[in-house]
Amino acid sequence: MSRIPAHTLDNVPEQSRETLTGLAKKVGKVLNIHSGMAHSPVVLAAHKGIGDAIAGYGTLDARTRETIALAVANEDGCDYCESAHTLSGKVAGLSLDQTLAIRGNAIDFDDKLAAIAAVVREAAANTGTVSDLTWKDARAGLLLA
């Protein structure tokens with residue numbers, strides 16, 4: 001049994017309503033993670049604020065961000081994260097086949113994304129450590145892209 005209530009658009013606390021509605025509109029439905037965060041307006045707003053800051057000031061496009069999220073989710077074995085980022089990856093312009101290829105560590109459609117995914121997979125598997133060879137290969141792949 002969950003200790004934190006999961007909210008829908010019908011029963012969300014008023015202070016979270018606008019934020020939850022906007023997040024749901026962005027991805028096409030209320031995600032479980034957002035429905036739990038909606039119990040605390042400050043947590044939901046902080047989560048959205050971080051996402052907005054990354055989108056507004058980050059240098060990675062949405063496809064790259066979702067590739068990173070999918071690769072890490074797969075490496076961590078988080079089925080929920082894989083599912084959620086498959087959905088948001090499609091919103092970001094990745095096809096279902098591409099999201100499945102990223103999850104399966106079989107990226108054959110974009111050398112840049114393959115290089116980035118290799119780095120984040122290795123970092124996730126090794127508590128942040130990436131071998132010199134993986135780093136060198138990624139840098140070479142990024143420079144060619």
Side-chain angles (χ1 to χ4, degrees), residues 1-9 12 16-145:
M1 174 185 351
S2 177
R3 294 180 177 150
I4 300 172
H7 293 282
T8 67
L9 294 174
V12 65
S16 294
R17 183 172 309 284
E18 184 178 340
T19 305
L20 187 62
T21 300
L23 289 167
K25 189 174 186 180
K26 182 177 179 182
V27 293
K29 68 179 191 174
V30 175
L31 297 178
N32 291 343
I33 192 168
H34 298 149
S35 72
M37 288 181 184
H39 186 67
S40 172
V42 69
V43 171
L44 187 63
H47 174 76
K48 182 182 180 305
I50 290 168
D52 290 348
I54 290 168
Y57 300 101
T59 58
L60 301 177
D61 62 46
R63 288 177 76 239
T64 303
R65 291 191 310 267
E66 291 304 326
T67 296
I68 291 168
L70 283 162
V72 171
N74 179 261
E75 189 62 41
D76 287 346
C78 180
D79 294 339
Y80 172 79
C81 298
E82 282 188 317
S83 177
H85 286 287
T86 295
L87 179 64
S88 54
K90 288 168 47 178
V91 172
L94 294 166
S95 71
L96 178 59
D97 287 341
Q98 289 172 328
T99 62
L100 294 174
I102 295 164
R103 289 168 51 172
N105 197 18
I107 303 171
D108 60 359
F109 58 91
D110 187 312
D111 291 341
K112 177 183 170 188
L113 294 180
I116 291 169
V119 170
V120 299
R121 279 180 184 281
E122 194 168 313
N126 298 305
T127 59
T129 302
V130 176
S131 72
D132 289 339
L133 179 59
T134 299
W135 186 253
K136 180 182 169 188
D137 288 349
R139 298 251 326 146
L142 292 174
L143 293 174
L144 295 176

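- Note that CG of L96 is 7.5 Å distant from OG1 of T86, once rounded to the nearest 0.5 Å.
- Remark: N74 CG to R103 CZ distance equals 7.5 Å, nearest 0.5 Å.
- Within the 4.5 Å cutoff, no side-chain heavy atoms of V120 are placed close to those of E75.
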- Message: What verdict does the side chain to side chain contact (heavy atoms under 4.5 Å, CB included) test give for T67 and I116, after you've listed the backbone C-alpha separation in whole Å, the side-chain angles of each residue and the deciding distance to 0.1 Å?
- Response: CA-CA 8 Å; T67 296; I116 291 169; 5.5 Å; no
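- The environment of D132 atom CG is sparse: at most 12 non-hydrogen atoms of other residues, nucleotides or ligands sit within 6.0 angstrom.
- Once rounded to the nearest 0.5 Å, the distance linking CZ of R17 with NE2 of H7 reads 10.5 Å.
- Listed for the R65 side chain is a donor-acceptor partner under 3.5 Å among the backbone atoms of L60.
- Heavy atoms only, all atoms of each residue included: Y80 and I33 are closest at OH-N, 3.0 Å.
- For the residue pair E66 and S88, the shortest heavy atom distance occurs at OE1-OG, 2.8 Å.
- Neither side chain, T134 nor D137, offers a donor N or O lying under 3.5 Å from an acceptor on the other.
- Atom CZ of residue R121 and atom CD1 of residue I102 lie 9.0 Å apart, to the nearest 0.5 angstrom.
- Using a 4.5 Å cut-off on side-chain heavy atoms (C-beta onward), H85 and V72 make no contact.
- Residues V30 and V12 form no side-chain contact, since every pair of their non-hydrogen atoms from C-beta on lies 4.5 Å or further apart.
- Atom NE2 of H39 is separated from atom CD1 of I4 by 7.0 Å, given to the nearest 0.5 angstrom.
- Closest non-hydrogen pair, V130 versus V119, comes out as CG2-O, 3.7 Å.
- Using a 4.5 Å cut-off on side-chain heavy atoms (C-beta onward), M37 and K48 make no contact.
- W135 CH2 to T129 OG1: the interatomic distance, rounded to the nearest 0.5 Å, is 12.5 Å.
- Residues A124 and D76 share a closest heavy-atom pair of CB-OD1, 4.1 Å.
- The two residues A38 and S16 have their closest heavy-atom pair at O-OG, 2.8 Å.
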- Message: side chain to side chain contact (heavy atoms under 4.5 Å, CB included) for R63 and D110? Distances and angles first, verdict last.
- Response: CA-CA 11 Å; R63 288 177 76 239; D110 187 312; 3.8 Å; yes
